[in-house]
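To start, the structure itself, in structure tokens.
Values reported hereafter were calculated over all heavy atoms of this structure, with side chains retained and with hydrogens, waters and symmetry mates removed. In listed order, ligands and their atoms are each counted from 1. None of these values were measured; they are calculated from a predicted model.
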Amino acid sequence: MTDLNQSLFDRARQVIPGGVNSPVRAFRAVGGTPRFISRAQGPYFWDANGQRYIDYIGSWGPMILGHGHPAVLEAVQRAAVEGFSFGAPTEREIELAEAILSHVPSMDMVRLVSSGTEAAMTAIRLARGATGRRKLIKFEGCYHGHADALLVKAGSGLATFGNPTSAGVPAEVVQDTLVLEYNNLAQLEEAFTLHSADIACLMMEPIAGNMNFVRSDVAFMKRCRELCTQHGALLVLDEVMTGFRVALGSAQSLYAQALPGFKPDITVLGKVIGGGMPLAAFGGPRAIMEQLAPLGPVYQAGTLSGNPVATACGLATLKEIAKPGFWDALSQRTHDLVDGLKASAKKHGVPFSADCQGGMFGFFLLPELPRNYSSVMKSDSPRFNQLFHGLLDRGVYIAPALYEAGFVSSAHSAEDIQATIAAADAVFASL
Ligand SMILES: *Cc1c(COP(=O)(O)O)cnc(C)c1O
């Protein structure tokens, strides 16, 4: 039988660099032929050969209701008939802003944009504009989109700033970006001592989904908040992945349970709030958000920002996930998956650790959960690739890289979870 995925990949590579429009899709880390997806429904999608997979990528997070949820589909179809894009304001943008703000009380106002990259990039511009400072702190292994100033890895020491991780990013552009180790309190203290009055913001993923699944310790988050306040810097939580994914109030609501009164200054959102359409946002208190054009001096704009079809999709999605019982059911499914995987790995003597929250999970082929990027990267990569392909051959699609999180949707049934654990059990047995 001809492999239609392979022929599409060959054709794609003629006209699209690497055959893909986002690098991880090319399966470079795990090897093999990327699956070209032809359609999806509920927790499944089908590739060009007609092979079905249980989907644990969910478009890297947005598809929290699974694919083709009837209420979302209806809202999108109705909006599409009314018009694709106007370049003028609509009532639905207000409705989506109100819905987002009602669940995330740290924000008084929100601006809608089209991608997480754009939202994170603008949040930094806003933080710099609002504080009149230039330097920013980020953590190794956290991803905040591909804006120039964020494509940076740690320099040789804390007094030095980072080095670009991409060609085309001049050293000057990242010279104000300081890259620290996640969950490292001593480095955090030292960075604020060294650069105190120059730091505009500290940006972090509260649960780092771009190193699979690494939680900020509560004590670390507490100290990030205290040091920002003490030194006049803004705490920016990038919740593009965790927002409306780990809890209805996003990850910040979990930290607020442990740290009463806790809130970030700026929140960055994306993925779930668009329900699979290009939509992202950033928001914060009124005084900060009013620094944005047209009210203030910080410029930002977008032809498709607040797009009417995307906002309809996001609104319908948020409405579903706010229904009573939604989070208990989703969390239970995710827990069942993680517990089943752990038990199976243990049975077969495979070193394995895993964690989850809401509809997001991560696992490592390591005996203990890692707390920072360098320990994530100690994961057994050849073994992960065997696991990935073993699952794929058995109709289970997880992220094709060991540093990426996984996602369960409300469409995943108990049977889907059991089938996944059975597939993993067979692969663990062969590892
Ligand atoms: C996905 C992601 C981004 C980038 O969002 P895009 O929509 O892909 O540009 C930024 N930050 C985090 C935490 C993400 O997970």
Side-chain angles (χ1 to χ4, degrees), residues 20-26 56-64 100 104 110-127 136-152 165-166 177 179 182 201-216 221 224 235-247 250-252 254-255 264 266-283 300 302 304-307 310-311 313-314 317 357-362 373 376 399-401 403-407:
V20 293
N21 285 310
S22 199
V24 72
R25 296 178 195 170
Y56 289 101
I57 295 205
S59 184
W60 301 94
M63 311 313 296
I64 194 165
I100 292 171
V104 188
V110 64
R111 173 139 301 167
L112 305 179
V113 295
S114 301
S115 75
T117 291
E118 197 187 350
M121 175 187 84
T122 315
I124 286 170
R125 187 181 304 142
L126 178 60
L136 66 101
I137 291 176
K138 82 174 282 289
F139 296 100
E140 187 110 63
C142 286
Y143 177 68
H144 306 293
H146 60 90
D148 282 357
L150 295 164
L151 292 180
V152 50
T165 53
S166 167
T177 309
V179 185
Y182 200 68
C201 66
L202 179 160
M203 181 177 251
M204 71 189 294
E205 290 180 76
I207 298 172
N210 290 286
M211 39 180 159
N212 200 328
F213 193 107
V214 181
R215 291 173 194 266
S216 162
M221 183 65 83
C224 286
L235 177 63
V236 182
L237 287 192
D238 181 351
E239 296 227 47
V240 171
M241 190 182 287
T242 52
F244 298 91
R245 173 45 88 172
V246 299
S250 304
Q252 56 194 268
L254 306 171
Y255 285 93
I266 298 177
T267 299
V268 186
L269 295 165
K271 299 197 167 111
V272 170
I273 63 163
M277 290 276 179
L279 197 152
F282 59 98
Q300 182 273 331
L304 298 178
S305 287
N307 176 270
T311 47
C313 186
T317 301
Q357 189 74 49
M360 177 172 162
F361 67 93
Y373 184 71
V376 168
Y403 48 82
E404 302 283 2
F407 303 97

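Distance alone, capped at 3.5 Å, places no donor-acceptor pair between the Glu239 side chain and the Pro206 backbone. Side chain of Gln252 to main chain of Val104: no donor-acceptor pair is present (N/O by atom type, distance under 3.5 Å, no hydrogens or angles). Between the side chain of Arg245 and the backbone N or O of Pro62 there is no donor-acceptor pair closer than 3.5 Å. A distance-only check finds a donor-acceptor pair linking the side chain of Thr177 to the backbone of Ala149 [under 3.5 Å].
A side-chain N or O of Gln300 and one of Arg111 form a donor-acceptor pair less than 3.5 Å apart.
Residue-level contacts of ligand 1 at the 4.0 Å heavy-atom threshold are Ser115, Gly116, Thr117, Tyr143, His144, Gly145, Glu205, Asn210, Asp238, Val240, Met241, Lys271.
Partners of Arg215 by side-chain hydrogen bond (donor to acceptor under 3.5 Å, both in side chains), not counting sequence neighbours, listed by chain and number: Asp355, Gln357.
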